[in-house]
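See below for the structure under consideration.
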Amino acid sequence: MKSIIGKFIDGGPVFTVTIFACLIIILALFTLALLKKESRPKLMDLMKHIGWFAVAWGFMGRTFGLIHAFDAVEAHGELTPSLLAHGLKMALVDPLMGIFVFIVARLAIIALVAMRKN
């Protein structure tokens with residue numbers, strides 16, 4: 001569990017916490033959509049938008065992570081594998097989380113569409 005939280009923080013708390021909040025909101029909207037059938041189309045649309053936001057926010061975090069990595073290389077004066085690996089790891093956490101949230105949102109929307117057709 002410590003390792004997962006460590007990776008979570010490696011992506012930068014501003015980005016990872018926001019993406020995690022998107023995940024919680026999507027799960028709450030999915031639950032609400034299950035309970036209120038008349039609101040499903042609006043809730044599904046909101047879930048789509050939040051899912052796309054999570055992806056975009058994750059890639060924005062990646063961009064900041066790469067800038068930070070290159071700044072560290074520049075400040076250090078030379079490129080070492082350890083320095084590069086740390087920067088790249090930091091830059092990949094946010095897009096991974098954003099894509100995960102997007103997939104969760106899409107799976108929830110697919111489930112709601114499947115329920116509507118039956």
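In this structure, Val93 is not a member of the same hydrophobic cluster as Ile99, with clusters built from ILVMFWY side-chain heavy atoms closer than 4.5 Å. Ile50 and Val113 fall within a single hydrophobic cluster, where Ile, Leu, Val, Met, Phe, Trp and Tyr side chains are chained together by heavy-atom contacts under 4.5 Å. Following chains of ILVMFWY side-chain contacts shorter than 4.5 Å, one can reach Leu88 starting from Val73, so the two form part of one hydrophobic cluster. Hydrophobic clustering (side-chain heavy atoms under 4.5 Å, transitive across Ile, Leu, Val, Met, Phe, Trp, Tyr) keeps Val104 apart from Phe102.
Lys48 meets the side chain to side chain contact (heavy atoms under 4.5 Å, CB included) test with Asp45, Arg106, Ile109; sequence neighbours excluded.
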What donor-acceptor contacts under 3.5 angstrom involve side-chain atoms of residues 17-41, with partners at least two apart or in another chain?
from: Thr18; atom 1: OG1; to: Val14; atom 2: O; distance (Å): 2.6
from: Thr31; atom 1: OG1; to: Leu27; atom 2: O; distance (Å): 2.9
from: Arg40; atom 1: NE; to: Ala33; atom 2: O; distance (Å): 2.9

Please set out all donor-acceptor pairs under 3.5 angstrom arising from side-chain atoms of residues 52-71, sequence neighbours excluded.
from: Thr63; atom 1: OG1; to: Phe59; atom 2: O; distance (Å): 3.0

